[in-house]
Engineer: 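So that we are looking at the same thing, I have put the structure below in structure tokens.
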Amino acid sequence: MSFFRDRWESLKSRISFGLLRNTENRPRRWPLVSVVTIVILLLLLILSWWWSREPETFWVQWEIDGQAAPAGYATTSALIQASRTLLDKPGGYLSNDVAPPSVFLDNIPNWEFGVLVQIRDLAKALRNDYTRSQSQSVEDEDLAKAEPAFNYDHESWILPASESQYEEGVDYLESFQERLRSPNPNTQFFARADNLREWLAVVEKRLGSLSQRLTASVGQTRVNVDLAGETAAETATPQPANITVKTPWLEIDDVFFEARGTAWALVHFLRAAEKDFAQVLEDKNATVSLRQIIRELESSLAPVRSPIILNGGGFGFTANHSLVMASYLSRANSAVINLRELLDQG
């Protein structure tokens, strides 16, 4: 037994000595790997910060060679420039990216979605209202192709990618704009009060929905007013008298940045409407009402000084960025309602 015990101890000693010698002779590469990893992480962090910056507002083009452009040129130009900004900003279009660092970002993709919804709404109004004199008018060929292109899935990254569809939509808009600036009787833009009112009705609903979702960040119980004013109205399913609404904690910043994107797009589209519908607004004495909407939306785009979107109580110790944003959008929404009433008057 002692013989086998001695042989076993000798074998263990040889194995231990061999492992120790291999460890000592092995080149120590882990510090280099760590340095490379840290550098890559820092680069991704800087890239994420750069790509998450919201674009600045731009000047809407409403002149051609120093002369006032025809009606509709400013609206089409604002729609094209907003779409180009969505696609060409730092990092490009990020909502459909599947690689780091953009796959880990959620603020700017929600901002993009807010802008995209407004682009879709205006493209639809341009196709169905602004360029048609009556319900049985023939729609413009370019706009009939541009509007569905912008309604393509915003998260598709291949076959085809969202960007390629939106690029096609921009190309059709540019073709329409080129025909609009030339004396072509078949290309028209009807700057009428009823057309502007139709688009503002959609804007009113978008702002109202965002205001409700923003104020729901702290959670509250609301009275159900879905059927208010209609004694014979009914719903598909029974509804309680009081409804508790609350935006999930992980979605608060998503709603906030979607609202920021909405406000950013509307600032440009309303500036364009001020130029294209100048005579209509002056006739209704409604120019100041439109400018008030723009001012409220511009105030909502003030830089966010906090590194995170806080969800403090309404009168709590910490700020609630959602409630601040909701206050601006609610005032803008009220001004939109007043503007629509002015446009509806004779």
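Sequence positions, counted from 1, serve as the residue numbers for this chain.
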Engineer: Using 0.5 Å steps for rounding, measure from the CG atom of Asn338 to the CD atom of Glu341.
Structural biologist: 5.5 Å
Engineer: Kindly indicate whether the side chain of Ser334, heavy atoms from C-beta on, has any atom under 4.5 Å from the side chain of Gln292.
Structural biologist: no
Engineer: Say you draw a straight line from CE of Met325 to OG of Ser330; how long is it, rounded to the nearest 0.5 Å?
Structural biologist: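 Rounded to the nearest 0.5 Å, the CE-OG separation comes out at 10.5 Å.
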Engineer: Decide if atom CD of Glu139 counts as having more than 12 heavy atoms of other residues, nucleotides or ligands within a radius under 6.0 Å.
Structural biologist: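 Atom CD in Glu139 is crowded, with more than 12 foreign heavy atoms closer than 6.0 Å.
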Engineer: Heavy atoms, side chains only, cut-off 4.5 Å: are Leu207 and Leu266 in contact?
Structural biologist: yes
Engineer: Please identify each residue that fulfils side chain to side chain contact (heavy atoms under 4.5 Å, CB included) with Ala272, with sequence neighbours left out.
Structural biologist: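 Per chain and number, Ala272 pairs via side chain to side chain contact (heavy atoms under 4.5 Å, CB included) with Val60, Ala74, Thr75, Ala78.
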Engineer: When Ile, Leu, Val, Met, Phe, Trp and Tyr are grouped by side-chain heavy atoms lying under 4.5 Å apart, directly or through other members, which residues fall in the same group as Phe113?
Structural biologist: Val117
Engineer: Between Asn333 and Gly208, what is the shortest heavy-atom contact and its length?
Structural biologist: ND2-CA, 3.7 Å
Engineer: Just to verify, what does Tyr93 make a ring-ring contact (aromatic ring centres under 6.0 Å, His included) with, not counting sequence neighbours?
Structural biologist: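 So Tyr93 forms a ring-ring contact (aromatic ring centres under 6.0 Å, His included) with Tyr166.
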Engineer: Once side chain to side chain contact (heavy atoms under 4.5 Å, CB included) is applied, do any residues pair with Ile40, and if so which ones, sequence neighbours excluded?
Structural biologist: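 For Ile40, the residues satisfying side chain to side chain contact (heavy atoms under 4.5 Å, CB included) (neighbours in sequence not counted) are Val36, Leu44.
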Engineer: Provide the closest heavy-atom pair for Ala259 versus Leu214 in the form atom of the first, atom of the second, distance.
Structural biologist: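 Heavy-atom minimum between the residues: CB-CD1, 3.9 Å.
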Engineer: Once rounded to the nearest 0.5 Å, what's the spacing between atom OG of Ser306 and atom NE2 of His321?
Structural biologist: 4.5 Å
Engineer: Do the non-hydrogen side-chain atoms of Asn285 and Leu342 ever get within less than 4.5 Å of each other?
Structural biologist: no
Engineer: How close do Arg132 and Arg127 get, counting heavy atoms only, and between which atoms?
Structural biologist: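 Reported closest heavy-atom pair: CD-O, 3.3 Å.
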Engineer: With a 4.5 Å cut-off on side-chain heavy atoms, are Leu126 and Leu173 touching?
Structural biologist: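 When only atoms from C-beta onward are counted, Leu126 and Leu173 do touch, with a gap below 4.5 Å.
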Engineer: Sorted by first residue and then second, give each salt bridge (charged side-chain N to carboxylate O under 4.0 Å, His left out) pair with at least one member in residues 43-66; sequence neighbours left out.
Structural biologist: Glu54-Arg260
Engineer: Check side-chain hydrogen bond (donor to acceptor under 3.5 Å, both in side chains) between Asp106 and all other residues, then give those that pass, not counting sequence neighbours.
Structural biologist: none
Engineer: Might you work through the side-chain contact (heavy atoms from CB on, under 4.5 Å) test for Trp51 and Ser102, ending with a clear yes or no?
Structural biologist: CA-CA 8 Å; Trp51 287 1; Ser102 51; 4.0 Å; yes
Engineer: Leu159 and Tyr152: which non-hydrogen atoms are nearest, and at how many Å?
Structural biologist: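 Shortest heavy-atom contact: O-OH, 4.0 Å.
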Engineer: Under a 3.5 Å distance rule, please check whether Arg192 uses its side chain to pair with a backbone N or O of Ser133 as donor and acceptor.
Structural biologist: yes
Engineer: Pairing donors with acceptors under 3.5 angstrom, does anything connect the side chains of Asp153 and Gln165?
Structural biologist: no
Engineer: Which residues pass the side chain to side chain contact (heavy atoms under 4.5 Å, CB included) test with Arg331, not counting sequence neighbours?
Structural biologist: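 Arg331 satisfies side chain to side chain contact (heavy atoms under 4.5 Å, CB included) with Glu296, Ser327, Tyr328 only.
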Engineer: Look at atom NZ of Lys89 and say whether more than 12 heavy atoms of other residues, nucleotides or ligands are closer to it than 6.0 Å.
Structural biologist: yes
Engineer: List the residues meeting ring-ring contact (aromatic ring centres under 6.0 Å, His included) with Phe277, not counting sequence neighbours, and say none if there are none.
Structural biologist: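 If we apply the ring-ring contact (aromatic ring centres under 6.0 Å, His included) test to Phe277, skipping adjacent residues, the hits are Tyr130, Phe189.
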Engineer: By side-chain hydrogen bond (donor to acceptor under 3.5 Å, both in side chains), which residues pair with Glu298, not counting sequence neighbours?
Structural biologist: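 Scan of Glu298 (side-chain hydrogen bond (donor to acceptor under 3.5 Å, both in side chains), adjacent residues dropped) gives Arg271.
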Engineer: Hey, does Asn96 have a side-chain heavy atom less than 4.5 Å from the side chain of Ser162?
Structural biologist: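 Contact flag for Ser162/Asn96 side chains = yes.
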Engineer: Gln67 versus Ile64: any side-chain heavy-atom pair under 4.5 Å?
Structural biologist: no
Engineer: Just how far is it from atom CG of Leu94 to atom CG of Leu86, taken to the nearest 0.5 Å?
Structural biologist: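 These two atoms lie 9.5 Å from each other.
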Engineer: Quick one: side chain to side chain contact (heavy atoms under 4.5 Å, CB included) partners of Thr287, sequence neighbours excluded?
Structural biologist: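 In terms of side chain to side chain contact (heavy atoms under 4.5 Å, CB included), with neighbours along the sequence ignored, Thr287 is linked to Glu274, Leu281, Arg291.
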Engineer: Answer yes or no: is there a side-chain heavy-atom contact under 4.5 Å between Val280 and Leu196?
Structural biologist: no
Engineer: Working to the nearest 0.5 Å, report the span between CG of Asn107 and OG of Ser52.
Structural biologist: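 That separation rounds to 6.5 Å.
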Engineer: Mind checking side-chain hydrogen bond (donor to acceptor under 3.5 Å, both in side chains) for Glu258 and listing every partner two or more places apart, or none if nothing turns up?
Structural biologist: Arg213
Engineer: Is there a side-chain contact between Trp264 and Thr85 in this structure, where contact means two heavy atoms from C-beta onward sitting under 4.5 Å apart?
Structural biologist: yes
Engineer: For Ile119 and Ser83, work out which heavy atoms get closest and say how close.
Structural biologist: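 Closest approach of Ile119 to Ser83: CD1-OG, 3.6 Å.
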Engineer: Looking at every non-hydrogen atom in both residues, tell me the closest pair between Glu112 and Ser95 and how far apart they are.
Structural biologist: OE1-OG, 2.5 Å
Engineer: Distance check, rounded to the nearest 0.5 Å: Ile108 atom CD1 versus Ser48 atom OG?
Structural biologist: 12.0 Å
Engineer: Going by the rule side-chain hydrogen bond (donor to acceptor under 3.5 Å, both in side chains), which residues pair with Asp142 if we only count those two or more places apart in sequence or in a different chain?
Structural biologist: Ser175, Arg179
